[in-house]
Peer 1: 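A single structure is presented below for examination.
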Amino acid sequence: MKKGDIFEGEIGRVDFPNKGHVTVDGEDVIVKNGIPGQKVRFRINKKKHGRAEGRLLEVLEASPLETRKPVCSVFPACGGCMYQTMDYEAQLDMKAAQIRRLLDQALMKGGQVDAQGNPDYVFEGIRRSPLEFGYRNKMEFSFGDAEKDGPLTLGLHKKGSTYDVLDAVDCRLVHEDMTRILRCVLDYCRKEGFPYYHKMSHEGFLRHLLLRRAHATGEILVNLVTTSQLEPDLSPLTEALRGLELEGKIVGILHIINDSLADTVKSDETRILYGKDYFYEELLGLRFKVTPFSFFQPNTLGAEVLYRTVREYIGETKDRKIFDLYSGTGTISQILAPVAESVTGVEIVEEAVEAARENARENGISNCRFIAGDVLKVLDEMEGQPDLIVLDPPRDGIHPKALPKILDYGVEKMVYISCKPTSLARDLEMFLAKGYRLERAVCVDQFVHTVHVETVVRLQRKHT
């Protein structure tokens with residue numbers, strides 16, 4: 001077996017995230033973008049130190065798990081979905097098994113096992129998203145083309161491609177309001193002949209369409225992200241958008257200028273074309289102000305399941321001091337605050353901290369304090385001893401230099417929320433080494449049809 005060779009085989013299990021295993025002549029090959037049970041053709045694109053990776057070329061035969069037809073026109077080429085042809089129960093079972101394997105391996109390595117040598121903790125499976133389709137309250141669509149020099153497209157990248165963009169005119173991950181807005185923007189930009197921004201030459205105008213729609217209030221924020229290379233009159237687009245028949249209501253239309261060379265959605269300048277630059281969402285009886293770039297869980301109803309789970313895992317908070325590290329817009333802090341003595345949130349994104357403070361005022365919560373800064377540095381300056389700690393770090397997990405500082409508090413209990421379980425499994429090694437044990441773990445499926453899943457674990461300090 002060498003690089004460039006083409007093989008056929010059947011995908012066995014799929015490990016998180018999206019790593020399918022195919023056995024070829026007794027060797028294990030990792031092939032991404034597949035479903036367990038599919039028979040596939042693939043090309044070896046990496047062979048190193050006895051490990052082989054292959055690039056999926058073609059699905060030769062569907063998996064027995066694929067029991068339904070695609071619900072949009074660009075599946076399976078689009079990178080937005082992976083598993084929509086699988087029954088939802090099968091998706092849940094697969095994700096739960098993936099996370100359990102990761103946690104089991106981490107505990108076996110860390111020595112948290114029972115008398116028979118098995119991982120010693122309670123794994124509580126997976127909790128489903130209340131909505132299977134139309135659940136996303138935020139989506140970043142890209143401008144581009146589906147093939148070189150083809151017509152303008154607006155949607156999501158092809159699987160495995162950083163350049164080819166497929167139209168998302170019937171995307172089922174978002175509410176129909178969002179697809180109507182996308183079609184309106186795409187039709188207008190095609191009619192005007194606006195060029196999209198080319199990542200290699202750094203020339204062009206159109207970059208992204210960032211849409212946010214509150215589930216509870218139906219308020220919608222439309223954000224057109226472009227370079228400053230053209231200065232067109234966008235008032236006809238604004239009027240076209242305002243004239244759309246929608247279930248919800250557009251409360252703001254923004255033109256965001258981004259001349260960064262990086263392919264990220266950010267603002268050098270924000271121009272309000274209509275309305276305001278924020279909207280309100282409601283979650284577990286609390287009201288939250290959401291701005292274009294503030295972090296808010298992308299599945300509102302799924303977030304309610306997640307935060308109820310966090311509250312359950314934390315348990316009694318009466319008269320306790322809580323540190324909420326990586327606190328975002330302060331959602332968890334405010335959910336825990338009513339009976340706690342105090343909650344201190346730490347978040348590096350200043351815009352999110354300002355939103356957290358404003359949200360706390362809006363909800364009449366006075367015992368939450370939010371600090372803007374890097375957890376790694378802020379912990380050196382924070383005073384007081386917390387009774388418990390909540391951790392909700394970004395995808396890469398907790399900074400390896402911050403984790404020892406967190407562990408030095410020696411609190412009885414911590415709850416860790418992870419959007420990338422491989423990072424959680426890595427961090428568990430230090431928790432176990434420092435005298436904590438994993439008591440309970442559960443998954444929450446916030447990202448139906450995708451490879452992603454949230455994981456919540458409760459860690460308890462061992463007494464010697």
Side-chain angles (χ1 to χ4, degrees), residues 9-22 29-43 45 53-102 126-129 131-136 138-142 146 155-162 164-174 179 297-299 302 395 418-423 443-455:
E10 181 175 320
I11 295 176
R13 77 169 191 268
V14 175
D15 285 337
F16 181 89
N18 186 27
K19 293 181 178 180
H21 291 260
V22 182
V29 183
I30 300 297
V31 180
K32 294 184 177 181
N33 298 328
I35 291 173
Q38 285 180 336
K39 292 181 180 176
V40 296
R41 179 180 291 117
F42 57 94
R43 176 184 288 113
N45 60 0
E53 293 183 12
R55 182 177 184 272
L56 181 66
L57 299 177
E58 182 184 1
V59 175
L60 302 173
E61 189 176 314
S63 164
L65 296 175
E66 295 182 88
T67 57
R68 56 187 183 185
K69 295 184 182 300
V71 295
C72 76
S73 59
V74 289
F75 183 86
C78 175
C81 279
M82 182 63 64
Y83 304 125
Q84 64 167 261
T85 51
M86 291 176 65
D87 179 77
Y88 188 34
E89 292 301 325
Q91 294 182 39
L92 292 170
D93 290 344
M94 181 181 67
K95 289 183 178 183
Q98 289 175 345
I99 306 313
R100 182 160 198 171
R101 279 195 298 272
L102 278 173
I126 188 166
R127 299 179 182 182
R128 62 192 299 137
S129 168
L131 289 178
E132 187 181 341
F133 295 102
Y135 63 84
R136 286 197 66 101
K138 174 187 177 184
M139 193 69 107
E140 295 174 2
F141 296 110
S142 299
L156 301 170
H157 287 87
K158 285 184 182 178
K159 284 188 177 81
S161 173
T162 57
D164 301 330
V165 176
L166 300 171
D167 282 329
V169 293
D170 59 351
C171 178
R172 293 292 303 279
L173 295 184
V174 298
T179 55
Q297 291 287 352
N299 178 345
R395 294 188 61 78
S418 173
C419 58
K420 187 179 179 183
T422 48
S423 298
C443 305
V444 178
D445 189 27
Q446 286 218 94
F447 310 101
V448 191
H449 311 303
T450 79
V451 303
H452 304 292
V453 65
E454 296 272 339
T455 308

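Heavy atoms only: backbone and side chains are in, while hydrogens, waters and symmetry mates are out.
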Peer 1: When you look at E53 and K19, which way does the salt bridge (charged side-chain N to carboxylate O under 4.0 Å, His left out) test go after all the steps?
Peer 2: CA-CA 10 Å; E53 293 183 12; K19 293 181 178 180; over 6 Å; no
Peer 1: To the nearest 0.5 Å, what is the distance between CZ on R41 and CG on L56?
Peer 2: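 The CZ atom of R41 sits 10.5 Å away from the CG atom of L56.
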Peer 1: Measure the CZ-CG distance between R55 and N45 for me, rounded to the nearest 0.5 Å.
Peer 2: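 Taking CZ in R55 and CG in N45, the distance rounds to 8.0 Å.
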Peer 1: Mind listing the closest non-hydrogen atom pair of V14 and G20 along with its distance?
Peer 2: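 What the structure gives for the nearest pair is CG2-CA, 4.0 Å.
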Peer 1: Could you list the residues that satisfy side chain to side chain contact (heavy atoms under 4.5 Å, CB included) with D164, not counting sequence neighbours?
Peer 2: K158, S161
Peer 1: Rounded to the nearest 0.5 Å, how far apart are CD of Q297 and NZ of K138?
Peer 2: 11.0 Å
Peer 1: Show, in sequence, the C-alpha distance, side-chain angles and deciding distance for N18 and N33, and conclude whether the side chain to side chain contact (heavy atoms under 4.5 Å, CB included) test is met.
Peer 2: CA-CA 6 Å; N18 186 27; N33 298 328; 3.0 Å; yes
Peer 1: Given 3.5 Å as the limit, does a donor-acceptor pair link the side chain of Q98 with the main chain of P17, or not?
Peer 2: no
Peer 1: Residues two or more places apart in sequence or in another chain: which of them pass side chain to side chain contact (heavy atoms under 4.5 Å, CB included) with H21?
Peer 2: R13, D15, D28, I30
Peer 1: Could you give the distance from CZ (F133) to OH (Y88), rounded to the nearest 0.5 Å?
Peer 2: 10.5 Å
Peer 1: Looking only at atom types and distance, does a side-chain atom of Q38 sit under 3.5 Å from a main-chain N or O of I11, one as donor and one as acceptor?
Peer 2: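 Judged by distance alone, no pair lies under 3.5 Å.
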Peer 1: If you compare all heavy atoms of C171 against all heavy atoms of T179, which two are closest, and at what distance to 0.1 Å?
Peer 2: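 Nearest heavy atoms, C171 then T179: O-CG2, 3.5 Å.
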Peer 1: Please assess D170 against S73 for the test side-chain hydrogen bond (donor to acceptor under 3.5 Å, both in side chains), listing each intermediate value before the final yes or no.
Peer 2: CA-CA 7 Å; D170 59 351; S73 59; 3.1 Å; yes
Peer 1: With heavy-atom distances below 4.5 Å as the criterion, would you say the side chains of Y83 and T450 are in contact?
Peer 2: no
Peer 1: Do any N or O atoms from the side chain of H452 and from the backbone of Q446 form a donor-acceptor pair under 3.5 angstrom?
Peer 2: no
Peer 1: Determine whether a donor-acceptor pair (N or O, by modelled atom type, separation under 3.5 Å) exists between the side chain of D167 and the backbone of G155.
Peer 2: no
Peer 1: Do the side chains of F16 and T422 get nearer than 4.5 Å, heavy atoms only?
Peer 2: yes
Peer 1: Out of the candidates R127, R128, K95, only one should pair with D445 under the side chain to side chain donor-acceptor pair (under 3.5 Å) rule; please name it.
Peer 2: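 When side chain to side chain donor-acceptor pair (under 3.5 Å) is applied between D445 and each of R127, R128, K95, only K95 qualifies.
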Peer 1: Return the minimal non-hydrogen interatomic distance between P64 and G37, and the atom names on each side.
Peer 2: CD-O, 4.0 Å
Peer 1: Of all the heavy-atom pairs spanning G34 and M82, show the shortest one and how long it is.
Peer 2: N-SD, 4.4 Å
Peer 1: What pair of heavy atoms forms the shortest contact from F42 to G9, and how long is it?
Peer 2: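 For F42 and G9, the tightest heavy-atom pair comes out as CE2-N, 4.1 Å.
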Peer 1: Could you tell me which non-hydrogen atom of H157 sits nearest to which non-hydrogen atom of S142, and how far apart they are?
Peer 2: CE1-OG, 3.4 Å
Peer 1: Would you check if the side chain of S63 reaches a backbone N or O of P36 as a donor-acceptor pair within less than 3.5 Å?
Peer 2: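 Side chain of S63 to backbone of P36: a pair is present.
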Peer 1: For the pair S418 (side chain) and T455 (backbone), establish whether a donor and an acceptor sit closer than 3.5 Å, ignoring hydrogens and angles.
Peer 2: no
Peer 1: How far does CD1 of I35 sit from OG1 of T85, to the nearest 0.5 angstrom?
Peer 2: 4.0 Å
Peer 1: If you count heavy atoms of other groups shown closer than 6.0 angstrom to NZ of K39, is the number above 12?
Peer 2: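 No - once you tally the heavy atoms of other residues, nucleotides and ligands closer than 6.0 Å, there are 12 at most.
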Peer 1: Atom CG of L166 and atom CG of L156: how far apart are they, to the nearest 0.5 Å?
Peer 2: 8.0 Å
Peer 1: Counting N and O atoms only, with roles assigned by atom type, does the side chain of R68 sit under 3.5 Å from a partner on the main chain of M86, one being a donor and the other an acceptor?
Peer 2: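 Yes: the side chain of R68 pairs with the backbone of M86.
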